[in-house]
Amino acid sequence: MQKEIGSFPLAPNVRFKLTKAGFTTLEDLKGITQRELCNEANLTYEETGEVLHLLFKDSVGSAGSDKEKHEDFTHKFYSAFDMSKNEKGVAAIVTFSQKVDEMIGGGIHTKKITEICGPPGIGKTQICLQLSVNVQIPESCGGVGGEAIYIDTEGSFIVERLLDIASATVNHFYSGVQENISQEEKARRKNLILEDILKGIHYYRCQDYVELLAVVNILSDFLEQHSKVRLVIVDSIAFHFRYGFDDNLGLRTKLLNSIGQSFMRLATKYNLAVVLTNQMTTKMNEFRGGNLVPSLGENWGHVCSVRLLLLWDKKERHVLLYKSSWRKDGEVPFKITHTGIQDEISSQGSSSEELDRSSILYKDLDCPPVKRPRLGS
Amino acid sequence: MPPLYKALSSFLEADKINNLKKIGINNIIEFVEKDPEVLCCQSKISYKDIVKIRNVLLAQYSALPQNGSDLYETCISSLAIFSTGCERLDSLLDGGIFNGEVTEFVGPPASGKSQLCFSLAATVANESQRNVLYLDTNGTFSAERLQEIVSSHISNQEHIELALQKIYCCPVQDIFQLLQLLENISFNISQQTNNFHSELQLIILDAVTPVLAPHIGGKQMDGLGLMVRLSQQLMFLASEHLLTVVATGQSTLIRLSSMGVEGVHHKP
């Protein structure tokens with residue numbers, strides 16, 4: 001079967017003119033000059049230049065290169081055996097709640113889209129803030145050692161809260177270091193690390209869905225320049241898409257799917273983890289009122305690779321692993337404190353295989369829950 | 001249908017092409033449709049030349065018919081059925097997933113479509129020792145999970161590794177990239193270029209919807225054309241090269257209301 005012109009990303013009107021002139025496959029256009037194509041298909045000289053460049057850019061030179069062009073694709077196939085060896089060595093981004101991390105397989109994985117859904121006030125933004133700090137844990141301490149991009153659509157990003165979480169994390173790691181230096185020196189060094197952490201979070205604020213689409217489009221250029229980024233957070237993806245699309249749900253599905261695909265492309269190309277937060281909506285039952293389901297419809301449910309549902313269970317916060325292609329479903333409790341995310345019951349040392357990481361990461365983080373004192377009082 | 005070119009036949013020179021264009025013959029179908037004698041009178045090309053050109057075109061572009069019993073024999077001898085890993089599902093499907101056809105798994109999120117694909121891939125890699133290509137569009141491929149499934153069937157570590165080496169994954173995010181990839185596979189199989197393509201038995205596309213959805217639903221209708229093109233490619237790979245092709249589709253909800261009763265159903 002010959003390569004058809006329809007399988008190349010040409011503009012629809014250009015494709016229409018080519019097919020009207022009788023060119024349907026690549027072989028039909030082989031050897032034709034720009035001038036001839038202009039006359040045959042009624043295209044402008046620039047358009048013919050673009051068309052020929054797009055169609056023949058891979059085959060340079062003689063017919064022998066055809067074979068090379070076709071064989072090139074096999075290099076992008078990775079065998080499962082090689083991938084399993086690579087996967088074992090990849091660190092995941094921890095949440096500091098050991099039970100949650102165990103349930104989802106070590107933490108938030110790169111090259112996948114993770115979705116966190118929950119009712120208002122349960123802690124989605126808190127988890128996002130914790131993750132944007134935890135991604136910067138250096139590799140020597142068992143972390144990923146990368147930067148974060150935080151795309152805020154709701155305006156719920158508060159820098160003071162981020163400072164609390166970041167300083168708690170710095171204290172946690174730094175307290176393990178035994179050095180004979182003065183308190184002031186320690187404080188100075190901690191401040192420097194704190195500054196670095198804050199510099200490692202790139203913040204975007206989007207006021208509507210058009211701005212969000214624009215940010216997604218420029219992300220690839222940004223990532224070329226900032227190769228240390230390992231995490232992209234969008235908090236939340238649902239906010240701009242829930243309203244304003246009443247008579248145009250087809251457009252919403254199309255936009256959400258194209259955002260999903262863009263993120264997948266960026267995640268695989270630049271080895272990122274993508275975390276999206278979603279809101280909840282009520283689905284009405286025939287019999288007994290309604291129940292809470294993630295918003296944005298069922299179509300959106302297919303876009304993410306891993307789905308975490310946050311729920312209230314009496315007075316406790318629970319995480320439910322709803323969708324994952326490699327972990328079993330589960331539900332574990334967690335809590336949010338002054339210092340960030342923690343296990344509900346204080347961790348008593350790890351039972352997992354990755355002893356080195358856990359001994360540093362999950363050391364007792366307990367501290368009494370204290371609300372921030374009001375300013376001015 | 002491609003237009004008439006000089007290169008198609010040694011008898012087709014530029015002046016003959018111009019003559020034909022003057023009477024409205026631009027491509028091969030129009031040339032072949034017309035009666036040669038009528039064509040000869042209208043275009044002032046000699047009858048012999050027209051017949052020679054016609055024979056060359058027909059030989060190159062027409063499809064060959066096949067005897068029914070030959071077709072039956074080929075079908076029976078090349079049939080292969082692969083187990084999904086679940087016996088009751090296999091009995092529902094008359095044995096399992098057949099080669100030479102495209103099978104689609106459809107369902108709501110987290111219903112187990114990808115797990116079924118992993119199970120099928122493990123069966124093919126392990127029992128028939130042939131290659132599997134997993135085209136991953138939304139990050140569901142997990143080598144760890146695949147290893148778990150393969151290990152549950154075999155206990156020998158070497159065999160597990162061999163089976164895993166036969167399953168290949170390729171991340172795909174764009175419909176055009178996907179179409180070109182499928183065309184390349186088709187080309188490579190027919191040319192018998194390398195080991196991977198000659199031993200390929202199963203292609204899994206998980207999932208179809210993410211690559212197509214960005215093109216459907218807008219004002220331009222090219223999305224539906226791309227969908228048809230993709231299905232044509234998959235059908236061609238399945239029937240021409242006797243591969244097993246499995247696609248995963250995603251379902252969405254529709255509401256059916258008749259006489260005031262509302263029901264919610266899953267629609268692919």
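Note that this is a predicted model, so its numbers are computed, not measured. A note on names: the letters A, B, ... follow the listed sequences, proteins ahead of strands, and every chain is numbered from 1.
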Gap between atom OG of Ser79(A) and atom NZ of Lys166(B) - 0.5 Å precision: 10.5 Å
Residue, of Ala207(B), Gly225(B), Gly112(B), Pro210(B), that accumulates the most heavy atom pairs under 4.5 Å with chain A: Pro210(B)
4.5 Å side-chain heavy-atom contact, Tyr78(A) and Pro171(B): yes
Contact class of Gln147(B) relative to chain A, heavy atoms under 4.5 angstrom: side chain
Residue among Lys112(A), Lys111(A), Lys85(A), Gln261(A) with most heavy-atom pairs under 4.5 Å to chain B: Gln261(A)
Non-hydrogen side-chain atoms of His302(A) and Lys113(B) separated by less than 4.5 Å: yes
Portion of Phe141(B) that has a non-hydrogen atom of chain A nearer than 4.5 angstrom: both
Taking every non-hydrogen atom, the tightest pair across Ala213(B) and Asn257(A): CB-ND2, 3.2 Å
Region of Ile167(B) in contact with chain A, defined by heavy-atom distances below 4.5 Å: both
Residue Asn156(B) excluded, over 12 heavy atoms near CG under 6.0 Å: yes
Short side-chain to backbone donor-acceptor contact, Lys323(A) and Ser111(B), under 3.5 Å: no
Listed partners of Arg307(A) passing salt bridge (charged side-chain N to carboxylate O under 4.0 Å, His left out), at least two apart: Glu115(A)
Among the listed options Leu182(B), Leu179(B), Leu230(B), the residue most often paired with chain A at heavy-atom distances under 4.5 Å: Leu179(B)
Side chain Gln173(B), main chain Ser262(A), donor-acceptor under 3.5 Å: no
Residue Tyr322(A) excluded, over 12 heavy atoms near OH under 6.0 Å: no
Nearest heavy atoms of Ala80(A) and Ala143(B), plus distance in Å: O-CB, 3.6 Å
Shortest non-hydrogen contact from Gln115(B) toward Ser324(A): NE2-O, 4.4 Å
Contact origin within Thr268(A) toward chain B - heavy atom pairs under 4.5 Å: side chain
Donor-acceptor contact present, side-chain Ser305(A) to main-chain Asn138(B), <3.5 Å: yes
Proximity breakdown for Glu144(B) and chain A, heavy-atom pairs closer than 4.5 Å: both
All salt bridge (charged side-chain N to carboxylate O under 4.0 Å, His left out) counterparts of Arg145(B), not counting sequence neighbours: Glu148(B)
Chain A interface, residue from Val150(B), Leu133(B), Leu226(B), Leu146(B) that has the most non-hydrogen pairs under 4.5 Å: Leu133(B)
